[in-house]
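Each remark here refers to the structure printed beneath this line.
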There are 2 protein chains.
Amino acid sequence: MRALAHPTQAEMQLDTVLSALSDPVRRQIVGQLANASIDQACSAFQLPISKSTSTYHFRVLREAGLIEQRYSGTTILNTLRAADLEARFPGLLRAVLRAARSETTLATSEVE
Amino acid sequence: MRALAHPTQAEMQLDTVLSALSDPVRRQIVGQLANASIDQACSAFQLPISKSTSTYHFRVLREAGLIEQRYSGTTILNTLRAADLEARFPGLLRAVLRAARSETTLATSEVE
DNA sequence: TTCGTAGTACTAGAAATATCGTACAATAGA
DNA sequence: TCTATTGTACGATATTTCTAGTACTACGAA
């Protein structure tokens, strides 16, 4: 079984977390994970990028501590590390998710 | 009097705001403004960068909507747009400031 | 064992970002 | 009016980030 490195809660850095969240593709991933009731494979995301770029973004999220990735066969199951993040940076993830949601709503209503 | 362009509350974008906050120099500026009881001139910040780079970072913050800049003679007075941010992205600024504060505290206590 | 699927490693290029130096503009005060 | 101060504009450069293609690995299933 292949191993994937994750930072501990204490190792999480605000710098890295905010950089990770400042990319729209990665916020899309985080947002989808936040809504999902079960863990999601990387292929479960409709991202406007190539497979290798997708790998890159998932790695950025994992190394920042935002998601947990574990192998299950050849697929990787992704989970949002919501509790760890809440403990390390209280309120941060919630505020970003809420902001992202409100922005998406606005954008959609503009189109309609 | 020279004019400086600021986004309205509705024009603020999560993307831009998070990018702005993901730089440590800019978080230092925002943190100092959050603590300040009066508006601060750009020169009131001890930043580890040149004057022209400093101008650049203040502009990024202003264009993201994080700070208000207004001329008073040749100096610019900077204010955190805390209320606008709270209205647009509730909880976000607070969470980032709190996270930054806790990280600084940790780093300091490691040195001692 | 062969095949298909999920994702990685590596390389390379494009684009964005952070940095600075120098010359300059605007203003206050002597 | 002269001078000092505060910050900008512009150009150049280094670094980082995002992107993709290609060849590959690991695993499950037929």
Side-chain angles (χ1 to χ4, degrees), chain A residues 1-6 13-33 36 38-79, chain B residues 1-6 13-33 36 38-79:
Chain A
M1 186 67 72
R2 288 163 286 180
L4 292 165
H6 294 78
Q13 305 238 312
L14 181 57
D15 224 325
T16 319
V17 169
L18 288 177
S19 298
L21 289 171
S22 71
D23 183 278
V25 171
R26 291 192 295 258
R27 271 205 309 283
Q28 183 182 334
I29 295 171
V30 169
Q32 183 169 332
L33 284 177
I38 53 163
D39 298 356
Q40 307 265 298
C42 296
S43 54
F45 296 79
Q46 310 286 323
L47 304 173
I49 49 173
S50 73
K51 205 169 57 155
S52 56
T53 302
S54 168
T55 295
Y56 163 73
H57 285 299
F58 276 99
R59 179 156 42 91
V60 170
L61 287 171
R62 173 168 45 83
E63 292 181 348
L66 283 161
I67 64 173
E68 193 211 323
Q69 300 195 286
R70 65 175 197 287
Y71 274 101
S72 165
T74 64
T75 83
I76 288 185
L77 293 180
N78 297 279
T79 320
Chain B
M1 186 68 70
R2 288 164 286 181
L4 292 164
H6 293 78
Q13 305 239 311
L14 181 56
D15 224 326
T16 319
V17 168
L18 289 177
S19 299
L21 288 171
S22 72
D23 183 278
V25 171
R26 292 192 292 259
R27 273 205 309 283
Q28 182 182 335
I29 295 173
V30 169
Q32 182 169 333
L33 284 176
I38 53 164
D39 297 358
Q40 307 263 299
C42 295
S43 55
F45 296 78
Q46 310 285 325
L47 304 172
I49 49 172
S50 73
K51 206 168 56 154
S52 54
T53 303
S54 169
T55 295
Y56 163 72
H57 284 298
F58 276 99
R59 179 157 43 93
V60 170
L61 287 171
R62 172 168 47 80
E63 293 180 346
L66 283 161
I67 64 173
E68 193 211 324
Q69 301 195 286
R70 65 175 195 287
Y71 274 99
S72 164
T74 64
T75 83
I76 288 185
L77 294 181
N78 297 279
T79 320

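Since the structure is predicted, the reported quantities are computational estimates derived from the model, not experimental observations. Letters go in sequence order (proteins before strands), and every chain restarts at 1.
- The nearest whole Å value for the distance from the CD atom in Gln69(B) to the C1' atom in dA26(C) is 16 Å.
- A distance-only check finds a donor-acceptor pair linking the side chain of Gln28(A) to the backbone of Gln46(A) [under 3.5 Å].
- Each of Thr74(A) and Tyr56(A) has a nearest nucleotide on DNA chain D; the 5'-most of these lies closest to Tyr56(A).
- Within the 4.0 Å cut-off from OP1 or OP2 of dC20(C), at least one side-chain nitrogen or oxygen of Thr53(B) is found.
- Put simply, His57(B) has a side-chain N or O that comes within less than 4.0 Å of OP1 or OP2 on dT19(C).
- dA26(D) atom C1' lies 18 Å from atom CZ of Arg70(A), rounded to whole Å.
- The side chain of Tyr71(B) sits closest to dT8(D) out of dA20(D), dT8(D), dG21(C).
- Between Leu77(B) and Ala41(B), the shortest heavy-atom contact is CD2-N, 4.2 Å.
- If you take CG of Asp23(A) and C1' of dT17(D), they are 9 Å apart, rounded to a whole angstrom.
- Among the atoms of the strands shown, base atoms are found under 4.0 Å from some heavy atom of Thr55(B).
- The nucleotide whose nearest atom lies closest to any side-chain atom of Arg26(B) is, among dG7(C), dG21(C), dA18(C), dA18(C).
- Here Ser52(A) lies in heavy-atom contact (under 4.0 Å) with a base.
- Gln32(A) places a side-chain N or O within 3.5 Å of a backbone atom of Ala44(A) that can act as its donor or acceptor partner.
- In this structure, the side chain of Arg62(B) does not engage the main chain of Asn78(B) through any donor-acceptor pair within 3.5 Å.
- Atom-to-atom, CG of Leu4(A) to P of dC27(D) comes out at 12 Å; the value is rounded to the nearest Å.
- Between Val17(B) and Ala64(B) the shortest heavy-atom distance is CG2-O, 3.7 Å.
- Distance Arg59(B) CZ to dT17(C) P: 12 Å, rounded to the nearest Å.
- Looking at heavy-atom distances under 4.0 Å, Ser43(A) makes contact with sugar-phosphate atoms alone, never a base.
- Between the CG atom of Leu47(A) and the P atom of dA6(C) there is a distance of 14 Å, rounded to whole Å.
- Atom-to-atom, CZ of Phe58(A) to C1' of dA9(C) comes out at 18 Å; the value is rounded to the nearest Å.
- If Ser19(A) and Lys51(A) are placed on DNA chain D by their nearest nucleotide, the residue sitting closer to the 5' end is Ser19(A).
- Rounded to an integer number of Å, the gap from Gln28(B) CD to dA18(C) P is 15 Å.
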